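Report on the following structure.
Quick note: numbers below take in every heavy atom, side chains included, and nothing from hydrogens, waters or symmetry partners. Note that the structure is a prediction, hence the values are computed from the model and not measured.
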Amino acid sequence: NLLSNHIQMINSTSLSLLDGFVDWSILADPSTIETCRQSLKDDGVMLLPNFVTPAGITHLKEEILSCPHNESTQHYTPNQDQGDFEKYPASHPRNYTLHSSASF
């Protein structure tokens, strides 16, 4: 019982942090829950329209934008190197570069 009470307290605390950011009332309708279950079973994904409130979206956006951002930009030839400008002119296909970028 002590463990069960502790888990319930953690869940209540965690869920209360979301108050104002999500609309819990959507989950009160049993047909919504069944629709979600069926969608997960059939499609592997579910959509719960209007579950996140506009305030929740704003908060999430602010939190994401406040995180450190690391962008990596690379220019490589199809041979995954920087080309061979000593043997070939810049316009030669050997020196054609591809642009690749990733952010995390």
Any idea which heavy atoms bring [X] and [Y] closest together, and the distance?
X   : Y   : result
H99 : T73 : CE1-CG2, 3.0 Å
I26 : N50 : CD1-O, 3.2 Å
P49 : L47 : CD-O, 3.3 Å
Y96 : P78 : O-CD, 3.3 Å
G20 : A55 : O-CB, 3.8 Å

Measure the [atom1]-[atom2] distance between [X] and [Y] for me, rounded to the nearest 0.5 Å.
X   : Y   : atom1 : atom2 : result
R37 : M46 : CZ    : CE    : 10.5 Å
K61 : I57 : NZ    : CD1   : 10.5 Å
T35 : L40 : OG1   : CG    : 11.0 Å
C67 : E62 : SG    : CD    : 12.0 Å
I33 : Q38 : CD1   : CD    : 13.5 Å

Would you mind reporting whether [Y] and [X] have side-chain heavy atoms less than 4.5 Å apart?
X   : Y   : value
L98 : Y76 : no
L27 : L48 : yes
E34 : S31 : no

Side chains of S72 and Q74: is there a donor and an acceptor less than 3.5 Å apart? yes
For the pair N95 (side chain) and Y88 (backbone), establish whether a donor and an acceptor sit closer than 3.5 Å, ignoring hydrogens and angles. yes
Side-chain ion pair, D81 and R94, N-O less than 4.0 Å: yes
Below 30° counts as parallel, above 60° as perpendicular, anything between as tilted: where do the rings of W24 and F51 land? perpendicular
